K.L.:
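For reference, the structure I am asking about is given below.
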Number of protein chains: 2
Amino acid sequence: MADVARRAEVGKQTVSNALNNPELLRPETLARVKAAIEELGYRPHTAARSLRRRESRTIGFALERSVAGRSNAVNDRFLHALAAAAGYRLLVFSVDSREQEIERYDELLGEQAVDAFVLDRTGIDDPRHRWLHDRSVPFAAFGRSWSDEDFGDWVDVDGAAGIEAATEHMVAAGHRKIGLLGWPAGSGTGDDRTEGWRRTMKRHGLPVRGLTAAAANRPDAARRAASALLDQGVTAIVAVSDALALGCYDALRERGQRPGADVAVTGFDDSPFAELLDPPLTSVEQPLEGAAAECVRMLVERIADPRRPYGQRLLTPRLVVRDSSGPTAAGA
Amino acid sequence: MADVARRAEVGKQTVSNALNNPELLRPETLARVKAAIEELGYRPHTAARSLRRRESRTIGFALERSVAGRSNAVNDRFLHALAAAAGYRLLVFSVDSREQEIERYDELLGEQAVDAFVLDRTGIDDPRHRWLHDRSVPFAAFGRSWSDEDFGDWVDVDGAAGIEAATEHMVAAGHRKIGLLGWPAGSGTGDDRTEGWRRTMKRHGLPVRGLTAAAANRPDAARRAASALLDQGVTAIVAVSDALALGCYDALRERGQRPGADVAVTGFDDSPFAELLDPPLTSVEQPLEGAAAECVRMLVERIADPRRPYGQRLLTPRLVVRDSSGPTAAGA
DNA sequence: ACGCTTGATTGGATCGATCCAAGCACGATT
DNA sequence: AATCGTGCTTGGATCGATCCAATCAAGCGT
């Protein structure tokens, strides 16, 4: 910095102002300083700046060990968008469990290596929210806070609205007997999505009784559950995950039928394999980039004003229509 | 730190030594300092340490924008393992192109925010290697350096060995006419994998002529290519990607045949959906954790001794056997 | 008992950028 | 023309940990 100051024939403080409060400088001086910075390729030293400012301008994000069976590809786009957060760096650390995650929070905060955290995969009565709240650490969660005391800012995808879009799509294609393939009751996410189907059916005066089945994301269980729905004579199945939709494919093939042609099928998540299937799977795409951007926005606002009330935001996902849900209306 | 020193009744330098050169302290003093650190919950300030030591102990990793069609789930496990690198932090930043990636390198190095980089998805004549090499920036690549001048340390998965394992598995099950479903020639990775099949077939004195087909990772192209192989009367197909294996599934079903039962199929990458398929897909699993660990190991060694010769390492992947490749030997 | 060596401990200077308060120049006002 | 005020610029102190050189205590041999 001293070199830049000398070259621009100003004091070092003026260089600092040129970077942090450019409006304080006379345009002419500012230009001279900027030129010197450019010529010398000067960049402020991160550590020195953090030390003096008492902030790291870094966001921490915990990467949990991949859980088998649970789709992790979701993280990928989200992470990319998070990393693109303007003005902040992203420090990624890995944890094997919830408890370890909080331990690492403690470490990183103690070392002042991060200013805030972004949380992922929130659970029921997630201990992280309270821990961070109690210490007034800024954080934003991707995934709603499933506890009664609604600590913290969060963004989530409106699963009900996503399934609603899928169901509407089926209705518009002429289907009337539309089954829902869900997860066993009790998971907040799954119940939320199921509710989207139920309310859409009711709005259209369509039947819901006996038209739901549930299974975990395993191929055999999903196939059996889908089979049970087909036994009810449904002409369309809305699944709450792509893995479950895959079970529908299997169940249909078992009967010599074809997804899309004989029975319409939709999934959820728009996994990478959705477009690789035959027929390609219609699925609900999560707005991960939007969610990441919203997390960062909330974080920035919270850092600016730590006392503002907590905010929440639901993002509406988008239905990606492919061949598995049509093109022919099967309900004629 | 001053507080800790006061509490332990020593000078601040002694506290520093307790952390960085514990062997310099009398055991008794060390214990007293450690106790004080514990009681006060003291943690060294990252920025201050970086400033003085002139190193950040942070590794940079560029996350490229997800390319549609290309599996990104691979990154997930790799990233987790990278983040677990002992003694180093992981700074993730996002880039949209190769050129932008180098720009960001320049920025981060200028700010002294990172000490080294880990590279991913290396390409032919990758510009990053030379750029980093010219500036003597420590780096390690996941993916071999495909250029003649072999700049840089790298680790890669031995694709040929992986396909070899898959092919051997087929041979052991009694198959003799084993087809290879590859990518169009010209991709280093694809050609390497194809070579693994060829050499295994030759070693066993099995035919290779007319038993290869190629397609990109798109469902229709893959299905047609797989169909061509089936026309040749193969009893087993080794595919160089899971997406291509999916094409085999489709081609078989078109003929009323079943993967695993009628014709054996294997894929590559062990994508999350491999075990969701019906039948579950036998696939070659990449040792991503090992690759990440090896990258970090190489990086640490290079930082310790910047002049040591560049090193390379090939890791052998593991075949995950599921139902698509058996259980019945079809070659009888 | 004394000096000497070894080993642990101490205070002071330093890394690079920012904050603070004081200084200077310039233009406007009377 | 002198004074005042505003706005830009300046040097000095500071953030927290580490490096350096000097000091101090203890242990050993003579």
Side-chain angles (χ1 to χ4, degrees), chain A residues 1-38 40-58 87-89 107-115 303, chain B residues 1-38 40-58 87-89 107-115 303:
Chain A
M1 195 164 113
D3 295 343
V4 175
R6 213 174 357 259
R7 182 168 188 111
E9 296 180 309
V10 296
K12 60 193 160 114
Q13 174 63 5
T14 306
V15 178
S16 173
N17 283 339
L19 292 168
N20 304 305
N21 304 82
E23 73 281 2
L24 292 181
L25 296 205
R26 199 163 20 177
E28 167 205 328
T29 313
L30 180 58
R32 208 168 64 240
V33 174
K34 277 192 167 168
I37 287 177
E38 191 65 34
L40 294 174
Y42 164 80
R43 293 202 189 280
H45 192 289
T46 311
R49 174 174 275 184
S50 297
L51 176 60
R52 192 57 179 92
R53 291 221 250 222
R54 325 192 60 69
E55 63 174 16
S56 60
R57 292 216 156 242
T58 300
Y88 275 81
R89 295 209 177 67
E107 258 179 63
L108 291 168
L109 289 170
E111 297 170 343
Q112 309 216 35
V114 301
D115 295 338
I303 290 171
Chain B
M1 195 164 113
D3 295 344
V4 175
R6 218 175 352 261
R7 182 170 188 107
E9 297 180 307
V10 296
K12 60 191 158 110
Q13 173 64 3
T14 306
V15 178
S16 173
N17 284 337
L19 292 168
N20 302 306
N21 304 83
E23 73 281 1
L24 290 182
L25 296 204
R26 200 161 21 177
E28 169 206 328
T29 313
L30 180 59
R32 209 167 65 240
V33 175
K34 278 192 164 167
I37 287 176
E38 191 65 35
L40 295 174
Y42 164 80
R43 293 202 191 281
H45 192 290
T46 310
R49 174 175 276 183
S50 295
L51 176 60
R52 192 59 180 91
R53 291 221 247 219
R54 327 192 59 69
E55 63 172 16
S56 60
R57 292 215 155 243
T58 300
Y88 275 81
R89 294 208 178 66
E107 260 179 62
L108 291 168
L109 289 169
E111 298 170 341
Q112 309 216 35
V114 301
D115 296 337
I303 290 170

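Keep in mind it's a predicted model, so treat the numbers as computed, not measured.
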K.L.:
Starting at the 5' end of DNA chain C and moving along, which residue's nearest nucleotide shows up first, B:E9 or B:L51?
P.N.:
B:E9
K.L.:
Closest-nucleotide mapping onto DNA chain C: is B:R53 or B:T14 further toward the 5' terminus? I mean the 5' end.
P.N.:
B:T14
K.L.:
In residues 19-30 of chain A, which ones come under 4.0 Å of DNA chain D, going by heavy atoms?
P.N.:
A:L24, A:L25, A:R26, A:T29
K.L.:
Where is the tightest heavy-atom contact between B:R57 and B:G87, given as atom of each residue plus distance?
P.N.:
NH1-O, 3.6 Å
K.L.:
Which part of the nucleic acid does A:V10 contact within heavy-atom distance under 4.0 Å: base, sugar-phosphate only, or nothing?
P.N.:
sugar-phosphate
K.L.:
Taking all non-hydrogen atoms of both residues, which atom of A:R32 and which atom of A:A8 are closest, and how far apart?
P.N.:
NE-O, 2.8 Å
K.L.:
I need the B:M1 CE to B:L40 CG distance, nearest 0.5 Å.
P.N.:
13.0 Å
K.L.:
Of the non-hydrogen atoms in B:Y88 and B:T58, which two are nearest, and what is the gap between them?
P.N.:
CD2-N, 3.7 Å
K.L.:
Using a heavy-atom distance cut-off of less than 4.0 Å, which residues of residues 40-49 of chain A contact DNA chain C?
P.N.:
A:Y42, A:R43, A:P44, A:H45, A:A48, A:R49
K.L.:
Any chance CD of A:E107 has more than 12 other-residue heavy atoms, nucleotides or ligands included, within less than 6.0 Å?
P.N.:
yes
K.L.:
In the structure I gave you, are the side-chain heavy atoms of B:T46 and B:R89 within less than 4.5 Å of one another anywhere?
P.N.:
yes
K.L.:
When you measure from the side chain of B:N17 to the backbone N and O of B:P22, does any donor-acceptor pair fall under 3.5 Å?
P.N.:
no
K.L.:
Quick one: closest heavy-atom pair of A:V15 and A:V33, and the distance?
P.N.:
CA-CG1, 4.1 Å
K.L.:
Which nucleotide of DNA chain D is the first, and which the last, in the 5' to 3' direction, to come under 4.0 Å of a heavy atom belonging to chain A?
P.N.:
D:dC8 to D:dG16
K.L.:
Quick one: does any side-chain atom of B:D115 pair with a main-chain N or O of B:S56 as donor and acceptor, under 3.5 Å?
P.N.:
yes
K.L.:
Just by modelled atom types, is the A:A47 backbone N or O under 3.5 Å from a matching donor or acceptor in the B:S50 side chain?
P.N.:
no
